[in-house]
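Okay, so here's the structure we're looking at.
Given the structure is predicted, the values throughout are model-derived calculations rather than measurements.
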Amino acid sequence: MQAKKRYLLLAAGACVLLLGYLAGRRLGRLPPSSRTQSRRGATEPDSDSLEAGGGGGGWRERADPPLQTFWVGGEQQENREYAQRGSPPQQKREISRSVYKGKKCRMLSCFDFSQCHRNGFKVYIYPQQKGEKMSESYQNILAAIESSKFYTSDPRQACLFVLSLDTLDRDQLSPQYVHNLKSKVQSLHLWNNGRNHLIFNLYSGTWPDYTEDLGFDMGQAMLAKASISTDNFRSNFDVSIPLFSKDHPRTGGEKGYMLFKNIPPLTKYLLVFKGKRYLTGIGSDTRNALHHVHNAEDIILLTTCKHGKDWQKHKDARCDKDNDEYERYDYRELLHNSTFCLVPRGRRLGSFRFLEALQAACIPVMLSNGWELPFSEVIDWNQAVVIGDERLLLQIPSTVRSINQNKILALRQQTQFLWDAYFSSVERIVLTTLEIIQDRIFNYISRNGLMWNTPPGALFSQPQYSAHLGDFPFYYSYLGTSPSTKFTAVIHAVTPLVSQSQPILKLLLAVAKSQYCAQVIVLWNCDKPLPAKHRWPSTAVPVLVIEGENKVMSSRFLPYDAIHTHAVLSLDEDTVLSTTEVDFAFTVWQSFPERIVGYPARSHFWDNTKERWGYTSKWTNDYSMVLTGAAIYHRYYHYLYTHYLPASLKNMVDQMANCEDILMNFLVSAVSKLPPIKVTQKKQYKETMMQQSSRTSRWADPDHFAQRQACMNTFASWFGFMPLIHSQMRLDPVLFKDQVSILRKKYREIERL
């Protein structure tokens with residue numbers, strides 16, 4: 001028995017030696033580079049051997065065995081001929097390696113933080129060189145930067161540099177292609193091997209390979225690029241941007257389709273697509289296979305090969321049938337009546353279909369393996385899209401059918417938020433790119449995922465204001481908290497204090513008696529000196545008199561450190577309010593902290609004859625503004641007014657000494673996407689205010705109304721759209737005017753006014 005065991009052990013050892021010998025001979029026939037890669041792939045998988053999932057939901061190994069490709073008709077032979085015409089594998093590898101010489105660049109190794117920490121995040125644009133052509137899209141990008149808070153015309157103050165040379169289209173066959181870009185870039189006196197430079201690009205490479213090579217050495221520059229692959233994307237250095245057309249608006253942009261309807265309708269189709277089909281070449285496999293999934297009922301996947309000059313010469317047996325069916329459907333009708341929209345790759349990884357689907361509230365179903373989705377560093381795309389696999393096309397119908405209605409509603413709502421917050425205009429795309437870079441540089445005050453992925457979005461949530469979510473008016477429901485239970489009254493004073501019976505003193509006493517008042521701040525914007533302390537009445541709460549900065553209107557909305565409460569009660573000096581009215585307005589605001597809540601209401605309208613926006617103070621059945629002469633809002637809007645709005649609008653307000661209340665309403669409605677709230681007021685408010693008008697009052701100025709008309713259109717032009725929203729709601733106390741005993745009513749004094 002022992003001898004038998006020895007024979008078995010000897011036989012097993014001989015087999016192991018034989019296998020080792022055979023393996024050694026096979027390895028010896030491999031080239032040295034292949035052996036090195038084999039060893040590294042088996043034992044030391046570096047970062048290049050992993051691929052980021054398109055939606056940012058973890059990592060998956062790239063070594064999965066390729067699945068069977070869907071071949072159609074005689075197209076297999078065509079693709080073989082194309083492969084023979086294309087670049088040889090060795091050349092393709094060389095191109096891939098040369099796409100970025102600085103592929104290992106990251107913020108710490110290829111970016112100089114010192115200038116940013118000295119002067120803040122400022123962006124400089126090189127002067128345009130004489131005779132250099134520039135596409136409309138690139139002009140829009142530069143215009144968006146120049147009109148932003150980041151722009152500086154002084155390169156010595158700049159943290160980031162942007163070329164005036166058009167780098168958007170680097171396809172050599174394109175009429176927008178800029179020649180000799182390599183030498184032009186190297187001749188820039190501030191180039192410094194691309195350090196602290198940002199390059200924008202939409203199209204790279206050309207037929208037949210469509211590589212991501214830009215045709216010049218970027219050095220250590222960051223790249224904001226569309227259709228960028230996860231292989232070439234330098235995480236936390238580059239920025240993936242969406243592919244957008246030349247018709248994409250510079251500002252404003254079209255509203256999301258679902259925003260026009262309170263409840264999304266039941267859609268006619270489950271899954272749709274309408275686009276080009278490529279018979280051969282890169283990007284053809286997936287689109288050539290779509291007819292396998294098309295059922296002409298609830299799944300409509302339409303393709304046409306009728307594009308390009310020689311399409312008839314290369315058309316296959318399916319072309320005529322596909323073209324006929326393609327013409328029978330309207331593209332926008334498909335978008336607006338489908339739950340899911342297929343977004344397959346084109347020649348490049350990105351597609352116009354992506355933004356079109358987002359705007360239409362049609363949930364994008366991504367079929368573009370290896371595409372780094374736009375702004376993936378900060379956006380959680382799993383909340384808005386379905387990420388498919390090109391190799392598993394036939395599983396897409398069953399996948400989307402399995403998604404329940406609650407999830408579908410959440411996905412569609414998120415598409416509308418993301419479209420409006422980051423993609424609706426060139427300006428939004430550019431500002432999002434710059435905000436991402438700013439967060440990297442000042443990462444100790446950067447925004448978190450909640451700010452980026454919930455309304456109103458990161459562009460309106462400025463981390464410089466506070467690092468605590470509870471200090472913003474948007475996140476109380478997420479945190480399960482409420483705003484502070486007190487308010488700070490800010491009274492804007494512009495006339496000298498000459499009598500103890502002036503309205504400002506009566507107003508101060510009424511406000512100070514409120515159980516919710518923490519303090520009263522008098523903003524002294526009068527040309528006369530500050531009154532002596534004994535001239536102000538004694539109250540139960542502190543009264544602080546602050547001299548206005550430069551005595552201008554915008555100073556009433558400065559983010560004063562003295563304001564410690566979340567709520568600000570903004571008051572004109574001639575406002576007449578009772579303590580009860582103030583108490584009720586504040587309790588209403590506590591339920592709507594992201595909105596303006598107040599008394600005097602105004603409205604806007606579109607004047608068809610003059611083709612411009614109009615302003616009216618008539619008492620009608622709806623309103624869109626609540627004037628800040630008697631209104632409560634969150635103190636964060638003081639910060640946005642000061643730091644988000646451009647100096648041009650604030651200077652206009654200060655020069656006219658008018659329209660600051662309209663501008664604040666524009667800002668709050670643009671951020672919240674909601675109208676203000678009007679609360680019960682006494683009927684005499686408007687008339688009382690007019691009677692108290694003096695020569696120094698704005699209401700006595702005959703040009704006052706005309707100026708406000710002009711302000712409406714100037715503000716709407718800067719925002720790119722009309723943010724004001726009409727409302728027909730007024731909130732009254734419960735039992736207000738009801739036929740019950742006055743003793744049962746909490747705010748009984750309102751009815752006695």
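Below 30°, between 30° and 60°, or above 60°: for Trp381 and Phe423 the angle between ring planes is between 30° and 60°, a tilted geometry. Relative ring orientation between Tyr422 and Phe417 is described as perpendicular, the plane-to-plane angle rising above 60° on a 0-90° scale split at 30° and 60°. Ring geometry, Tyr126 versus Phe161: the interplanar angle falls from 30° to 60°, so the pair is classed tilted. A parallel orientation is assigned to the rings of Trp589 and Phe586, their planes being inclined by less than 30° (bins at 30° and 60°). Relative orientation of the His604 and His726 rings is parallel, given thresholds of 30° and 60° on the angle between their planes. Taking the six-membered ring where the residue is Trp, Tyr639 and Tyr636 present parallel rings, their angle staying beneath 30° rather than reaching 60°.
Between atom CD1 of residue Ile563 and atom CG of residue Leu558 there is a gap of 9.0 Å, rounded to the nearest 0.5 Å. From Glu573, atom CD reaches atom OG1 of Thr495 across 3.0 Å, with rounding to the nearest 0.5 Å. Between Leu724 atom CG and Ile662 atom CD1 the span is 8.5 Å, to the nearest 0.5 Å.
Residues Leu640 and Gln462 have side chains in contact (heavy-atom distance under 4.5 Å, counting atoms from C-beta outward).
Checked by atom type, the side-chain pair Lys610/Gln709 shows no donor-acceptor distance below 3.5 Å. Side chains of Ser114 and Asp112: a donor-acceptor N/O pair is present below 3.5 angstrom, by distance only. Residues Ser484 and Thr565 bring no donor and acceptor atom of their side chains to less than 3.5 Å of each other. Of the N and O atoms on the side chains of Tyr475 and Ser461, at least one donor lies less than 3.5 Å from an acceptor on the other residue.
A side chain to side chain contact (heavy atoms under 4.5 Å, CB included) with Val522 holds for exactly one of Leu497, Leu508, Leu571; it is Leu508.
Surrounding NZ of Lys246 are at most 12 heavy atoms belonging to other residues, nucleotides or ligands under 6.0 Å away. By the 6.0 Å contact criterion, CD on Glu547 is enclosed, its count of non-hydrogen atoms from other residues, nucleotides or ligands being greater than 12. By the neighbour-count criterion of 12 heavy atoms within 6.0 Å, atom CG of Asn621 is sparsely surrounded, having that number or fewer from other residues, nucleotides or ligands. Residue Glu136 qualifies as open at atom CD: its count of foreign heavy atoms under 6.0 Å is 12 or below.
Aromatic pair His638/Tyr633: centroids less than 6.0 angstrom apart. Annotation: Phe487 is not in aromatic contact with Tyr516 [ring centroid separation under 6.0 Å not met].
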Quiz item: Please walk me through it: do Gln438 and Glu435 pass side-chain hydrogen bond (donor to acceptor under 3.5 Å, both in side chains)?
Solution: CA-CA 5 Å; Gln438 181 183 228; Glu435 293 281 5; 2.9 Å; yes
Practice problem: Could you go through the ring pair (Phe, Tyr, Trp, His ring centres under 6.0 Å) check for Trp613 and Phe715 one step at a time? | Solution: CA-CA 10 Å; Trp613 294 106; Phe715 298 163; over 10 Å; no
Quiz item: So Arg602 and Asp661, salt bridge (charged side-chain N to carboxylate O under 4.0 Å, His left out) or not? Walk me through it.
Solution: CA-CA 11 Å; Arg602 299 292 184 266; Asp661 48 359; over 6 Å; no
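Listed for the Ser570 side chain is no donor-acceptor partner under 3.5 Å among the backbone atoms of Ala631. Of the possible polar contacts, one joining the Gln416 side chain to the Met258 backbone as a donor-acceptor pair under 3.5 Å is found. Listed for the Asp572 side chain is no donor-acceptor partner under 3.5 Å among the backbone atoms of Asp574. Between the Ser555 side chain and the Val552 main chain, a donor and an acceptor come within less than 3.5 Å of each other. Under the 3.5 Å distance criterion, the side-chain polar atoms of Asn658 are matched with a main-chain donor or acceptor of His704. In this structure, Gln519 contributes its side chain and Ala489 its backbone to no donor-acceptor pair below 3.5 Å. With Asn453 contributing its side chain and Val378 its backbone, the two residues share a donor-acceptor pair below 3.5 Å. Between the side chain of Arg595 and the backbone N or O of Pro675 there is at least one donor-acceptor pair closer than 3.5 Å. Judged by distance alone, with hydrogens and angles left aside, the side-chain atoms of Asn140 form no donor-acceptor pair with the main-chain N or O of Arg250 at under 3.5 Å. With hydrogens and angles ignored, the 3.5 Å screen pairs a side-chain donor or acceptor of Lys678 with a backbone N or O of Tyr599.
Residues satisfying the salt bridge (Lys or Arg N to Asp or Glu O under 4.0 Å) criterion with Asp166, sequence neighbours excluded, are absent altogether.
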